[in-house]
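The structure appears below as structure tokens.
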There are 2 protein chains.
Amino acid sequence: MATIRDVAKLAGVSVATVSRVINQNGYVTKDTEQKVRKVIELLHYEPNAVARGLAGKQTGTIAFILPDISNPFFPEVARAVEDVAQAHGYTVILCNSDDEGHKERSYIEVLKKKYIDGIIFASNTMGQEDMQKLYHIDDLPVVALDRAPTNQTCSVIRSKNYAGAQMAVNHLLSIGCRKIAHIYGPPQFVTARERLAGYQELVKKFPWYSPDLMVPGNFHLDGGMKAAEQLLRAHPDVDGIFAGNDLMALGALKTMSRLGIRVPEQISICGFDGIALTAVTEPELTTIAQPIYEMGATAARVLIEKIQGNDTNAQEYELEVELVERGTTRKKVT
Amino acid sequence: MATIRDVAKLAGVSVATVSRVINQNGYVTKDTEQKVRKVIELLHYEPNAVARGLAGKQTGTIAFILPDISNPFFPEVARAVEDVAQAHGYTVILCNSDDEGHKERSYIEVLKKKYIDGIIFASNTMGQEDMQKLYHIDDLPVVALDRAPTNQTCSVIRSKNYAGAQMAVNHLLSIGCRKIAHIYGPPQFVTARERLAGYQELVKKFPWYSPDLMVPGNFHLDGGMKAAEQLLRAHPDVDGIFAGNDLMALGALKTMSRLGIRVPEQISICGFDGIALTAVTEPELTTIAQPIYEMGATAARVLIEKIQGNDTNAQEYELEVELVERGTTRKKVT
DNA sequence: AACGAATATGTAACCGGTTACAGATAAAAG
DNA sequence: CTTTTATCTGTAACCGGTTACATATTCGTT
């Protein structure tokens, strides 16, 4: 592999000049530039990214720290992040944290040593102070996904969970549901809390409202299944279920199927997230779709903006959600 | 951030000695070692990975190039790769190639410039020559996933597609199916070809065998749906479907559901891969499960072996598959 | 004609490690 | 008590770029 000095020597110029040509900065005559480019071509010279990183402290690499890429919500986000990064000449490092603080921290240590340019952070457990510490210690650009907005220097990408939950409930009401339950996710997740709050605020005024219409789930398939069973045992007359995410909604759907309860005729189900899996079942799942790809893409775009110096202040990007009406909810004939 | 020279100065030794302590190579007295470690602790010194990379040409980073992380088969593989890498102190760069040669090549260019230590390559399009070229040009360790074995220096991780296909067909036969069709994946995929071959070899001896029992799919949900429709139109008496992968099997299941055909009573369906999605539907999908996680983990382990110098020769790792019997196939009562 | 500003290029230090080589000391061998 | 060998440590070159600073040349001004 040719080095910048090889190029300089053969072109009869200094390394500084070659560097200027490569980076298109500083003054270089058209003539010398041509000469240098010829030699670069000739030697198939490619600047060494590591040396560049060492000298310039920028490696063209960002990290995406997420709980678990196996969770069906994340692949699409990761894809978006990578697409945008790639388009801007960045490379993406993937880190699975399992939402464990120590893993997150250990990743961050390693990444800092590698002169990573920035981090997209999807975590439900890492406290605000940690984020702040992370950010302030060495002002590494950070963008958070799905976290409560803070007044820190870290931007946040999220979507309208509260409003989305109300869209879900309103939709169930509009098709004639008379008693709507909610399966909520782990309370330490902001998203779960917001969706629960949206549900509760809207239904508490109804005569049928009861606190035990809200049952806990774990944001996974099995949690949704169990929650649905429990729910039906306590309230056999429930005719609408709003689940805190799609996986739990699919779990509920599965339980219905097993118990021989027809969906949507007897019970309507609405999920939240809009992951691809919702199109796999029959009937397909009605859901409040987040712009998943867009969330990842926005996170990457904002991060890169930060890295490149513009947009230094924290900002919150709250994206719209959308009701995707499908087979698990249908207007009831009266 | 403290540098190795800061440590050396404060400890009253040379940088070489500090380096020896960090890397545990060369001779260092217990005394000096203690002294140096004290100072390292004191200054919170962390060796700079980029400088290390430049000097040592090893960055502790591997790349995983795959078609698309959104494809439900890959997240689990990626998770495995990352887990193993992480455990060995490596970091993983994720690259989505969409199976397009030019993207693959452009990634490889970038990655080489970044002194990546090795590559795990899951591609269906890149020719053998390309692999060879890639490998021979600068002997970068490479492990391939799901490719035909070659006599190159590149190891391959795969599973028993041919035998697995026969397991599927035998299972369908054993539960009493009389006419079994196959939905196959894109012929440019080795996996698709092998599964097709396994099916064909086994069924061609039956009187009901007919070439148009093999219909093409695209390895996606919609392809499976369309193929199933097409199939039933031509052969309404088919009572067993073996799909080349789970997504297509789920598509077929969906079609059955829409047409009001009961599964498994009227038609049994068996998929291939064993992705998590197969547990979402009701009935759950019977499938020939590959050890998906194990494949990723093996790939990572083999790659790291190669990187660390041992195991320089190409090898093929053919992993076992397993029949997971579930709701979409059931013994027929006669 | 004189002069400051803009343009063009080179020298050398620097980023922060690794490591070949050499010199010094201590232990083992003859 | 030498000589050989193993152990310990330091100096300085090197990895391959970037960039501050110095110097030289070319313009546009007055």
Side-chain angles (χ1 to χ4, degrees), chain A residues 1-37 39-40 43-61 89 109-117 138 309, chain B residues 1-37 39-40 43-61 89 109-117 138 309:
Chain A
M1 266 293 125
T3 74
I4 197 172
R5 294 177 221 269
D6 297 334
V7 175
K9 192 169 296 171
L10 193 54
V13 300
S14 75
V15 292
T17 301
V18 177
S19 177
R20 284 181 198 114
V21 170
I22 304 168
N23 300 299
Q24 317 222 55
N25 60 18
Y27 295 109
V28 184
T29 327
K30 268 268 158 281
D31 268 12
T32 14
E33 174 167 355
Q34 286 313 318
K35 197 166 49 180
V36 171
R37 289 206 184 287
V39 177
I40 288 179
L43 298 183
H44 296 111
Y45 168 72
E46 302 268 10
N48 179 310
V50 180
R52 254 183 167 167
L54 181 57
K57 274 139 185 43
Q58 296 253 321
T59 54
T61 308
E109 288 309 310
V110 172
L111 296 171
K112 279 184 348 195
K113 285 190 227 167
K114 293 203 175 184
Y115 278 179
I116 215 89
D117 295 343
D138 39 19
Chain B
M1 265 294 126
T3 73
I4 196 173
R5 294 175 220 269
D6 297 335
V7 175
K9 193 169 296 171
L10 193 54
V13 299
S14 75
V15 293
T17 301
V18 178
S19 178
R20 285 183 197 112
V21 171
I22 304 168
N23 299 299
Q24 318 223 54
N25 60 17
Y27 294 111
V28 184
T29 328
K30 267 270 158 280
D31 268 12
T32 18
E33 174 167 354
Q34 285 314 316
K35 196 166 49 179
V36 171
R37 290 207 183 285
V39 177
I40 287 180
L43 298 183
H44 296 110
Y45 168 71
E46 302 270 8
N48 179 310
V50 179
R52 251 182 168 168
L54 181 58
K57 272 136 186 43
Q58 296 252 322
T59 53
T61 308
E109 287 309 311
V110 173
L111 296 171
K112 278 182 351 192
K113 285 190 229 166
K114 293 202 175 183
Y115 278 178
I116 217 87
D117 295 344
D138 39 20

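Proteins get letters first, then strands, A, B, ... in listed order; numbering begins at 1 in each. Fair warning: this is a prediction, and the values are worked out from it, not measured in the lab.
Rounded to an integer number of Å, the gap from CD1 of B:Ile4 to C1' of C:dT18 is 8 Å. A:Ile22 has its CD1 atom 12 Å from the P atom of D:dT19, to the nearest Å. Atom pair B:Asn25:CG and D:dC8:P shows a separation of 13 Å (rounding to whole Å applied). Per the geometry, CD belonging to B:Gln58 stands 14 Å off C1' belonging to C:dG17, to the nearest Å. For A:Glu33 and C:dT7, the CD to P distance is 15 Å, given to the nearest whole Å. One atom, CD of B:Gln34, and another, P of D:dC8, lie 14 Å apart when rounded to the nearest Å. When the P atom of D:dT9 is taken as reference, atom CG of B:Asp31 falls 8 Å away, rounded to whole Å. Rounded to whole Å, the distance from CG on B:Asn23 to P on C:dT19 is 7 Å.
Among the nucleotides D:dG10, D:dG16, C:dC15, the one closest to the side chain of B:Arg20 is D:dG10. Of the candidate nucleotides C:dG10, D:dT11, D:dG16, D:dT11 has the atom nearest to the side chain of B:Ala16. Listed candidates were D:dT19, C:dT19, C:dG17. Nearest to the side chain of B:Pro47 is C:dG17. Closest approach to the B:Tyr27 side chain among C:dA12, C:dT9, D:dA6 is made by D:dA6 (side chain taken as heavy atoms from C-beta onward). Between D:dT9, D:dC15, D:dG17, one nucleotide has an atom nearer to the side chain of A:Tyr45 than all others, and that is D:dG17. Listed candidates were C:dT19, C:dG16, C:dT11. Nearest to the side chain of A:Leu54 is C:dG16. Here the nucleotide nearest the side chain of B:Tyr115, chosen from D:dC15, D:dT9, C:dG10, is D:dC15. Of the candidates D:dT9, D:dT18, C:dG16, D:dT18 carries the atom nearest the A:Arg52 side chain, counting heavy atoms from C-beta on. When distances are taken from the side chain of B:Arg5 to each of D:dG10, C:dT9, C:dG16, the shortest belongs to C:dG16. Minimum atom distance to the side chain of B:Val15 is reached by C:dT19, of the listed C:dT19, D:dG10, D:dG17.
A:Thr29 comes within contact range of the sugar-phosphate backbone alone, with a heavy-atom separation under 4.0 Å but no base atom that close. Residue A:Val50 is classed as having no contact, given no heavy-atom separation below 4.0 Å to the nucleic acid. Using a 4.0 Å heavy-atom criterion, one finds that B:Thr3 contacts the sugar-phosphate atoms exclusively.
Applying the 6.0 Å contact sphere to NZ of A:Lys57 captures more than 12 heavy atoms from other residues, nucleotides or ligands.
When the nearest nucleotides of DNA chain C are assigned to A:Gly56 and B:Ala55 by heavy-atom distance, the more 5′-ward of the two goes with A:Gly56. Mapped onto DNA chain D by nearest heavy atom, B:Val28 and A:Asn48 fall at different nucleotides, with B:Val28 at the one closer to the 5' end.
Inter-residue side-chain proximity for A:Asn23 and A:Arg52 is flagged as met; some heavy-atom pair is nearer than 4.5 Å.
The phosphate of C:dT9 has neither OP1 nor OP2 within less than 4.0 Å of any side-chain N or O from A:Ser14. Between B:Thr32 and D:dT9, a side-chain N or O to OP1/OP2 separation shorter than 4.0 Å is present. For the pair A:Thr17 and C:dT9, the criterion of a side-chain N or O lying under 4.0 Å from OP1 or OP2 is not met.
Side-chain atoms of A:Thr59 come within 3.5 Å of backbone N or O of A:Tyr115 as a donor-acceptor pair. Judged by distance alone, the side chain of B:Thr3 and the main-chain N or O of B:Arg5 form a donor-acceptor pair under 3.5 Å.
With A:Tyr45 as the partner, the side chain to side chain contact (heavy atoms under 4.5 Å, CB included) test is satisfied by one option alone out of A:Ile4, A:Asp6, A:Val36, A:Leu10: A:Ile4.
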**Residue pair A:Lys114, B:Thr61: steps toward the side chain to side chain contact (heavy atoms under 4.5 Å, CB included) verdict** = CA-CA 10 Å; A:Lys114 293 203 175 184; B:Thr61 308; 3.1 Å; yes
